[in-house]
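Computed from a predicted structure; not experimentally measured. Scope of the values below: all heavy atoms of this structure, side chains included, with no hydrogens, waters or symmetry mates. First listed ligand is number 1; within each ligand, the first listed atom is number 1.
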Amino acid sequence: MPPYTRRDFLVNASAGAALATFSTNLLATESIPGTPVTTLLTSAFTTLHEPKPLPFSPAKLDGLSEKLISSHWGNNYTGSVKALNTVKQLIVTALNDANYPPFAYNDLKREHLLRTGSVVLHELYFHNLGGSGKPGETVKKALDDAFGNFDVWEKEFRRIGAGLSGGSGWVQLGYNLHTGLLENYWQWDHQHSPAATLPILVMDMYEHSYQLDYGAAAQGYVDAFFRNIQWDIVAFRLDKARQARALTAT
Ligand SMILES: [Fe+2]
């Protein structure tokens with residue numbers, strides 16, 4: 001196989017090449033007069049993201065309109081996917097430029113962090129919607145055990161959501177791999193997440209997630225969110241998180 005150059009990568013990326021993962025022995029070379037730089041093109045730099053389709057029909061949710069869900073998925077989520085892919089291409093260019101200022105490079109890495117958080121959290125969000133809103137016994141017992149009873153968990157989760165209304169952020173039920181605790185977390189944006197924690201259930205509280213249907217009345221959106229929780233996915237994530245804890249706890 002011939003060497004794969006950065007130019008090849010950029011051309012492919014701009015042509016919409018999806019998930020372009022290259023092996024670690026492929027090199028990109030930069031010809032900057034006086035400062036030749038060679039950078040490995042590994043999956044960390046060249047894996048592009050493809051939007052994941054909604055796991056449900058956007059017309060089928062209870063209290064969350066097709067227009068709202070389609071706009072959220074088509075504009076906010078896929079917009080973050082495109083931005084993430086763009087910033088990764090800019091990072092490759094900057095890394096190959098020996099004269100690129102480190103502080104400016106970190107602007108790109110901050111955007112990389114932000115967009116990665118947005119993409120991942122939105123995918124988790126859409127995939128924990130589309131259900132009946134009725135938890136199964138296993139996950140209900142887990143929340144009973146962690147919070148005293150299920151209602152206390154729901155009360156706190158809703159309370160955090162109410163505190164974020166009118167602004168931006170996420171509510172996360174997370175399983176902390178370090179402490180072994182199942183807790184609710186407040187997140188004010190895409191890039192600040194609880195340490196060593198796997199998201200079990202996430203609720204988007206950015207205004208774009210409800211404004212089309214509820215205006216500034218976020219309470220109605222939170223009610224609708226609860227009616228549409230896909231609890232089978234929540235139970236699946238919790239089971240996997242507990243398995244990970246069993247493998248990693250020291
Ligand atoms: Fe969102």
Side-chain angles (χ1 to χ4, degrees), residues 18 48-88 108-131 133 154 156-175 183-194 197-234 236-237:
L48 302 182
H49 199 82
E50 274 197 327
K52 292 187 186 305
L54 287 169
F56 51 78
S57 168
K60 300 294 186 185
L61 298 189
D62 177 3
L64 300 171
S65 71
E66 179 176 8
K67 182 178 180 183
L68 171 70
I69 294 293
S70 296
S71 173
H72 196 174
W73 187 90
N75 293 306
N76 306 101
Y77 163 61
T78 62
S80 278
V81 171
K82 292 173 185 171
L84 174 61
N85 290 339
T86 297
V87 79
K88 291 188 74 161
L108 295 173
K109 293 304 290 184
R110 175 179 47 76
E111 196 67 23
H112 173 231
L113 180 67
L114 178 75
R115 297 298 177 174
T116 297
S118 178
V119 167
V120 171
L121 287 167
H122 275 105
E123 290 177 0
L124 292 169
Y125 170 75
F126 288 124
H127 281 74
N128 62 219
L129 285 175
E154 180 174 333
E156 190 193 34
F157 195 95
R158 285 175 174 270
R159 182 73 62 86
I160 298 167
L164 287 167
S165 64
S168 61
W170 296 84
V171 187
Q172 178 184 156
L173 167 67
Y175 186 84
E183 296 182 295
N184 289 321
Y185 293 98
W186 162 89
Q187 285 184 242
W188 77 314
D189 66 10
H190 306 307
Q191 59 186 327
H192 295 89
S193 296
T197 296
L198 294 177
I200 307 301
L201 174 70
V202 296
M203 179 169 69
D204 193 338
M205 286 303 301
Y206 282 74
E207 273 195 323
H208 63 240
S209 61
Y210 58 85
Q211 198 277 336
L212 275 176
D213 285 354
Y214 294 99
Q219 177 64 46
Y221 160 70
V222 174
D223 291 343
F225 174 85
F226 268 82
R227 292 198 301 274
N228 291 281
I229 293 176
Q230 173 50 274
W231 281 102
D232 290 344
I233 290 294
V234 177
F236 175 80
R237 290 175 185 165

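- Figure legend: cation-pi geometry between Arg237 and Tyr175 absent, as NZ or CZ is not positioned both under 6.0 Å from the six-membered ring centre and within 45° of its axis.
- Below 30°, between 30° and 60°, or above 60°: for Trp170 and His122 the angle between ring planes is above 60°, a perpendicular geometry.
- Tally of protein N, O or S atoms closer to the Fe ion (ligand 1) than 2.8 Å: 4.
- The environment of Phe236 atom CZ is sparse: at most 12 non-hydrogen atoms of other residues, nucleotides or ligands sit within 6.0 angstrom.
- Sorted by first then second residue, the salt bridge (charged side-chain N to carboxylate O under 4.0 Å, His left out) pairs that include residues 113-129, not counting sequence neighbours, are Glu111-Arg115.
- Residues satisfying the side-chain contact (heavy atoms from CB on, under 4.5 Å) test with Ser168, not counting sequence neighbours, are Tyr206.
- Judged as a salt bridge (charged side-chain N to carboxylate O under 4.0 Å, His left out), the pairs with a partner in residues 51-64 (not counting sequence neighbours) are, in order, Asp62-Arg227.
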